[in-house]
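Structure first, then comments.
Nothing here was measured: the structure is a model prediction, and the numbers come from that model. Read the numbers this way: they start at 1 and go in the same order the structure lists the ligands and their atoms. Just so it is clear, the values below take in all heavy atoms, side chains as well, and ignore hydrogens, waters and symmetry mates.
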Amino acid sequence: MEKERFIFDLDGTLLTSDYHLERDLFYHHFGNKAYLIIPKVGELLDEYERNFPFYDVDLLSKFFSHKTGLSVTPNIIREWIWITGKDPGVLEDGVFETFDYLKSRDKSIIVLTNWFFASQEPRLRESGLLEYIDEIYAGDCFLKPRKEAYLGCRDQYDTSECVVIGDNLDKDYIGPRACEMDSVLYDKNDQYHKSIVKVKRLNELIDKL
Ligand SMILES: [Mg+2]
């Protein structure tokens, strides 16, 4: 069936950040103990996402405090959310071309992201992408790869009309397929097996779908 609803991951798919503001924030709060948190952030967020259904300030504060031995207060989490919203990062190749094409065909463009809405919406606005996007489904609701995350952003569309596009094998490729939604892996470094449905540049979607 022809696809009508294109569900994009955000980080590493539309925008890529170097997280320098996040590191500055942790240095500011934890000084010479910042090494207890900075190198582990990605791995701790992955662990949080496996254990909790959605992102929540108090849960994340308790989880990070427990795992790092630092006092990562709810206020620090709120500053973290605010500061990540200040750094849109760099646009991936071909995003505007792909979005222009999809909009010219009257397709629905959605963002499904595992981070707080309050960070992701300003990043999308700052990068000029927000006007293309019909809806943002963020980690405050359901985290990928839970099936509720994919099924929850169908709106009035049938599952067969939706396709998820993103750079993470579990969250953006296998997860949707487990609930019978199509997916395309964004594999810009060509590191995954050729049996996977994938693109190296987002505008290859134009030919693929
Ligand atoms: Mg990603």
Side-chain angles (χ1 to χ4, degrees), residues 5-23 40-55 60 80-81 83-96 98-99 102 109-130 132-133 135-153 162-179 181-193 196-205 208:
R5 194 151 168 99
F6 290 74
I7 301 165
F8 288 88
D9 168 53
L10 198 165
D11 283 283
T13 301
L14 302 176
L15 296 168
T16 296
S17 167
D18 66 5
Y19 306 109
H20 68 283
L21 295 177
E22 171 183 299
R23 285 194 295 277
K40 294 188 194 160
V41 168
E43 143 199 347
L44 289 177
L45 290 177
D46 280 342
E47 189 179 340
Y48 178 96
E49 291 176 11
R50 283 195 300 275
N51 286 288
F52 297 92
F54 50 79
Y55 274 122
L60 199 56
W80 187 10
I81 295 167
I83 209 90
T84 47
K86 298 279 166 210
D87 177 23
V90 177
L91 269 167
E92 289 293 312
D93 283 347
V95 176
F96 278 113
T98 308
F99 278 16
L102 292 174
I109 300 177
I110 299 299
V111 166
L112 174 62
T113 166
N114 276 10
W115 190 237
F116 290 92
F117 182 91
S119 293
Q120 304 296 53
E121 198 253 11
R123 295 176 66 211
L124 289 164
R125 176 179 292 117
E126 181 66 25
S127 60
L129 297 178
L130 192 62
Y132 291 86
I133 293 163
E135 200 96 51
I136 302 167
Y137 293 86
D140 325 48
C141 296
F142 276 109
L143 291 168
K144 300 179 279 188
R146 284 172 180 74
K147 66 178 191 308
E148 293 90 341
Y150 314 106
L151 298 178
C153 58
C162 301
V163 56
V164 176
I165 305 104
D167 68 317
N168 185 284
L169 188 67
D170 293 319
K171 297 173 201 169
D172 304 315
Y173 188 79
I174 295 171
R177 284 168 186 253
C179 48
M181 190 178 281
D182 269 346
S183 57
V184 177
L185 189 72
Y186 175 49
D187 181 18
K188 66 175 170 179
N189 298 319
D190 212 7
Q191 49 183 328
Y192 290 95
H193 193 266
I196 286 172
V197 181
K198 59 183 192 161
V199 291
K200 267 187 84 168
R201 283 173 53 92
L202 289 173
N203 58 10
E204 290 169 28
L205 286 169
K208 208 150 206 124

Single hit among Thr113, Thr84, Asp87 for side chain to side chain donor-acceptor pair (under 3.5 Å) with Ser119:
Thr84

Pair Arg123-Asp11, side-chain contact (heavy atoms from CB on, under 4.5 Å): steps then yes or no
CA-CA 10 Å; Arg123 295 176 66 211; Asp11 283 283; 3.1 Å; yes

Decide side-chain hydrogen bond (donor to acceptor under 3.5 Å, both in side chains) for Thr13 and Glu92; before the verdict, give the C-alpha distance in whole Å, the side-chain angles of both, and the deciding distance to 0.1 Å.
CA-CA 7 Å; Thr13 301; Glu92 289 293 312; over 6 Å; no

N, O or S atoms of the protein lying under 2.8 Å from the Mg ion (ligand 1):
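The answer is Asp9 OD2, Asp11 O, Asp167 OD1.
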
Is Lys200 paired with Asp187 through a side-chain N to carboxylate O contact shorter than 4.0 Å?
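No, no charged N to carboxylate O under 4.0 Å.
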
Is any side-chain heavy atom of Ile109 less than 4.5 Å from a side-chain heavy atom of Glu135?
no

Is Asp9 close to Lys171 at the side-chain level, that is, under 4.5 Å between some pair of heavy atoms?
no

